[in-house]
There are 2 protein chains.
Amino acid sequence: MKSSLRSIGDTAARFGLKTNVLRHWEDVGLLKPERDGAGRRRYGDDDLVRIAVILRSKAAGMSLEQIAVLLDDDHGPQRHRVLQEHIAELDRRMEEMRRSRAMTLHAFKCEAHDITRCPHFRAMVTDVLDGSGTWRSMEPSQALP
Amino acid sequence: MKSSLRSIGDTAARFGLKTNVLRHWEDVGLLKPERDGAGRRRYGDDDLVRIAVILRSKAAGMSLEQIAVLLDDDHGPQRHRVLQEHIAELDRRMEEMRRSRAMTLHAFKCEAHDITRCPHFRAMVTDVLDGSGTWRSMEPSQALP
DNA sequence: GTGTGAGTTCATGTCGACATGAAGTCAAGT
DNA sequence: ACTTGACTTCATGTCGACATGAACTCACAC
C-alpha cells in the first residue's frame, strides 16, 4: 500500500481549493497531515478521504464543527447519539427543501402579479403561518464563493 | 378580507423570532410593512406570507439575497431563468444531502477504528477523489443560532 | 550563489446574518 | 403627570469561514 504523499499545493489543486483553506481546516482540527523534514505539510491517502468527506458534508450544508464530529475517531457512547441526531437533521432539511422546491416551482409557473397573493401559494405556507407555536428550524446561510 | 395589522412584537413572537430580525430583513429589502401615524411598523397578511416564505427558504439553505429574488414581484424575462436556476440548485443540494446521509449512516453503523480507513466508506467518496477535475459545488455553511 | 516559486507562521480584514446597546419617541394605565 | 413598555433609528460587536498580506525559510534550476 503506497501512501503517496502530496504537497499542500497539489492537494488543494486536486480539489479546486486554495491552500489557505486546507490550512484553515487544519487550524480547526479537521485535518492533521504529516510534516516532512522542513516542516511542510504532506497529505496522505486518508487525508484525501477526509477532505472528500468535508467537501461532501459542506455541500450538504453542515458546519465545520459538525463535520469534526463526523470525522472524529472517538467511538464513545455519545458519538452514536450525535450521528443519529445528525441523520435526523439531514432528513429534516431534505423535507424542507422538498417543500421549498414545490413553493419555488409554483412561483415559477404562477402568473399572479404578486405571488404572495396567489391562493395556491399561500396554501403552501399556511403550516408555517398557522402552526400557532414557534416556527423552529435552525439553519445555515451564506452564498456562493 | 380583513387585513388585520400587527405590531412588530406580535409578528416576531408569532414566528418565534426577535424583532431585530424583522428589522434586518426589512433593511435588506425583504419586507416593506406599512407604518402607522407614529412611524411604527404594521404587518399585514401578505407580510406574514412573505415571512413564512423567508423562513421556509432559509431552512432550505438559501441566502437572504437569493430569497429576495424569489420574493421580487418583477416579472421580467430574467426572473424565469433565475427561478429555474434556483430549482436546479435545490436539486443539486438534495442530491448532495442524499449522498451525505448515506455516508453518515455508514459511519454510524461501521465499527472500523478510523472510518476513513473503511473500504466501504472510502468507496462512497471516490467520485470526489477521482473525478480528476476540480470538485465544484459552491455551498453555504454556518450552524445553529 | 542567486533568483524563483512554493512552502511556513502570525496578524488582520471581509462578508453575511444577525446581536447588542445607546438614546430617544409614543400611547396607555394608574 | 408620570412611569412603564413597546416601539424607533443609528452605531457597533459577534461569529463562522475563510481571504489577504507581511515577513520569512527552503529546495532546486541556472
Side-chain angles (χ1 to χ4, degrees), chain A residues 5-43 47 51 54-71 135-145, chain B residues 5-43 47 51 53-71 135 137-145:
Chain A
L5 301 176
R6 304 145 204 77
S7 71
I8 190 172
D10 290 356
T11 309
R14 181 159 187 164
F15 293 100
L17 299 169
K18 292 190 186 173
T19 58
N20 57 341
V21 176
L22 292 181
R23 291 196 195 95
H24 176 60
W25 289 352
E26 186 175 347
D27 284 348
V28 297
L30 293 179
L31 297 172
K32 275 141 195 137
E34 300 175 30
R35 302 292 183 123
D36 66 3
R40 286 154 166 166
R41 294 165 178 83
R42 304 269 100 189
Y43 294 83
D47 290 316
I51 293 172
I54 295 171
L55 287 172
R56 173 138 291 164
S57 303
K58 269 179 59 67
M62 294 163 48
S63 72
L64 297 186
E65 196 175 317
Q66 290 175 307
I67 298 171
V69 178
L70 204 81
L71 286 173
W135 162 253
R136 294 292 64 192
S137 178
M138 31 6 201
E139 286 301 314
S141 21
Q142 222 137 295
L144 344 169
Chain B
L5 301 174
R6 305 143 203 77
S7 71
I8 190 172
D10 291 355
T11 309
R14 180 161 187 163
F15 292 101
L17 299 169
K18 293 190 187 173
T19 58
N20 58 341
V21 176
L22 292 181
R23 290 197 196 95
H24 176 60
W25 289 353
E26 187 175 345
D27 283 349
V28 298
L30 293 180
L31 297 172
K32 277 143 195 136
E34 300 176 28
R35 300 295 182 120
D36 67 3
R40 285 154 166 166
R41 294 164 176 83
R42 305 266 100 191
Y43 295 83
D47 290 316
I51 294 172
V53 172
I54 296 171
L55 287 171
R56 173 137 293 165
S57 302
K58 268 180 60 67
M62 293 162 51
S63 73
L64 296 186
E65 196 174 318
Q66 291 175 307
I67 298 171
V69 177
L70 204 81
L71 286 173
W135 160 251
S137 176
M138 31 8 205
E139 285 302 314
S141 23
Q142 224 136 297
L144 345 169

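Given the structure is predicted, the values throughout are model-derived calculations rather than measurements. Order of the sequence lines sets the chain letters (A, B, ...), proteins ahead of strands, with each chain counted from 1.
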- For the pair made of CG in Asp36(A) and C1' in dA6(C), what is the distance, rounded to whole Å? 12 Å

- Query: OP1 or OP2 of dT8(C) less than 4.0 angstrom from a side-chain nitrogen or oxygen of Arg41(A), does that happen here?
  - Reply: yes

- Message: I want to check something: taking the side chain as every heavy atom from C-beta on, are Arg42(B) and Arg35(B) in contact at a cut-off of under 4.5 Å?
- Response: no

- Backbone N/O of Tyr43(A) and side chain of Arg6(A): donor-acceptor pair under 3.5 Å: yes

- Picking from dA17(C), dC7(D), dA17(D), which would you name as closest to the side chain of Ser63(A)? dA17(D)

- Task: Send over the distance from Arg42(A) CZ to dA6(C) P, rounded to a whole Å.
- Result: 14 Å

- Message: If you only use heavy atoms from C-beta on, which nucleotide in dG7(C), dT20(D), dC18(C) is closest to the side chain of Leu64(B)?
- Response: dC18(C)

- Query: How many angstroms lie between OG1 in Thr11(B) and CZ in Arg41(B), if you round to the nearest 0.5 Å?
  - Reply: 11.0 Å

- Query: Rounded to the Å, how far apart are Glu26(A) CD and dC10(C) C1'?
  - Reply: 14 Å

- Item | Atom-pair distance (CG on Leu22(B); P on dC18(C)), nearest Å | 10 Å

- Message: Can you tell me if Arg35(A) touches the phosphate of dT9(C), counting only side-chain N or O atoms and a distance under 4.0 Å to OP1 or OP2?
- Response: yes

- Task: Using the closest heavy atom to pick a nucleotide of DNA chain D for each, name whichever of Gly37(A) or Asp10(B) lands nearer the 5' end.
- Result: Asp10(B)

- Message: Does dC18(D) have its OP1 or OP2 closer than 4.0 Å to a side-chain nitrogen or oxygen of Asn20(A)?
- Response: no

- Item | Nucleotide dT8(C), atom C1' - distance to CD1 of Ile8(A) in whole Å | 9 Å

- Message: Check this one for me: any side-chain N or O of Lys58(B) less than 4.0 Å away from OP1 or OP2 of dC18(C)?
- Response: yes

- Figure out the CD/C1' separation between Gln66(B) and dC15(C), and round it to whole Å. 15 Å

- Sub-4.5 Å side-chain heavy-atom contact between Ile67(A) and Trp25(A): no

- Message: From CG of Leu17(A) over to C1' of dC18(D), roughly how many Å is that when rounded to an integer?
- Response: 12 Å

- Does the side chain of Lys58(A) come within less than 4.5 Å of Leu64(A)'s, by heavy atoms? yes

- Query: For dA17(C), does OP1 or OP2 lie under 4.0 Å from any side-chain N or O of Trp25(B)?
  - Reply: no

- Message: Could you tell me how far apart Leu5(B) (CG) and dC7(D) (C1') are, to the nearest whole angstrom?
- Response: 16 Å

- Query: Distance check: side-chain N/O of Arg40(B) vs OP1/OP2 of dC26(C), anything under 4.0 Å?
  - Reply: no

- Would one find a side-chain N or O of Thr19(B) under 4.0 angstrom from OP1 or OP2 of dA6(D)? no

